[in-house]
Amino acid sequence: MKLKKSFYNRPTLRVAQELLGKYLVYRIGKKKIIGKIVETEAYVGPQDRASHASRGRTPRTELMFGPAGHTYIYLIYGMYYCFNIVTEAKDYPAAVLIRALEPIIPQTPFNHRQGGAGKGAKNPPLSKGVGGISNGPGKLCRYLKIDKKLNGADLTGNIIWVEDRKEKILPREIARAKRIGIDYAGQWQKKKWRFYIKNNNFVSRI
DNA sequence: CAAGAGATCATCT
DNA sequence: GATGATCTCTTGA
């Protein structure tokens, strides 16, 4: 079920769409933190002005030029991490930004009261939309407890990976939109390289 | 409800 | 020295 390198080593726009509905798993010791991918953005090639790689190879962007199937994590605005998956062939800079997850919390006696416990409950329901805990690039990294030690991690290893649980997302369930927060990117700002699952309550923006 | 500002720092010039 | 693949809070209509 774990996606292999061959999945990531393909055209980025395609990988970005096919990642929707897959499950991101991060193992910390015996615990796993899991989220279903519901929103992605593609950053493709050396020309894409929205991509960090458009300024050429630097120590930071080197990973984007590396082989597919690794993580690329960086700090943005001094306080949030963004989680990316490197795609395509070595020396071609491209990656998919994971923008939103639907949090998957294993049911236990302590949290299965979610939503039914009423006001003041110790386990409030996982909120939807605004107020969610993983509906944005910065927030999902907090949810996953991602930090820069994971930068460059191999997604075919056993620390962090993506699983296919055979949930088929049909093309008509995928919405396509302009990427967020890249107004400086000129013509590239107009490319509809953001993908999300329609009618899903956990995407960052509609 | 929309718009604006502040937080805060690695990276690049 | 400037800036950003963000988020939250405050302000004002």
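Here is how names work: the chains are called A, B, and so on, in the same order as the sequence lines, proteins then strands, and each is numbered from 1. Please read these numbers as outputs of a predicted model, since none were measured by experiment.
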Rounded to whole Å, how long is the line connecting atom CD1 of Ile180(A) with atom C1' of dC7(C)? 13 Å
Under 3.5 Å on both distances, the Watson-Crick or G-U partner of dT8(B): none
What contact category does Arg142(A) fall into here, base, sugar-phosphate, or nothing, at under 4.0 angstrom with non-hydrogen atoms? sugar-phosphate
Whole Å only: how far is the OH atom of Tyr143(A) from the P atom of dC7(C)? 16 Å
With a non-hydrogen cut-off below 4.0 angstrom, is Arg179(A) in contact with a base, only sugar-phosphate, or nothing? nothing
Side-chain N,O (Lys148(A)) to OP1/OP2 (dA10(B)) below 4.0 Å: no
For residues Asn9(A) and Glu88(A), is any side-chain donor paired with an opposing acceptor at under 3.5 Å? no
Would Arg179(A) and Tyr43(A) count as a cation-pi pair here, with the cationic atom under 6.0 angstrom from the ring centre and within 45° of the axis? yes
Between Tyr8(A) and His70(A), is any side-chain donor less than 3.5 angstrom from a side-chain acceptor? no
What does the list of N/O pairs under 3.5 Å between the protein and nucleotides 4-9 of chain B look like, with a distance for each?
| residue | atom | partner | partner atom | Å |
| --- | --- | --- | --- | --- |
| dT8(B) | O2 | Tyr77(A) | O | 2.7 |

For the residue pair Ser51(A) / Ser54(A), report whether a side-chain donor-acceptor contact shorter than 3.5 Å exists. no
Would you mind classifying the nucleic acid contact of Leu97(A) as base, sugar-phosphate or nothing, using non-hydrogen atoms under 4.0 angstrom? base
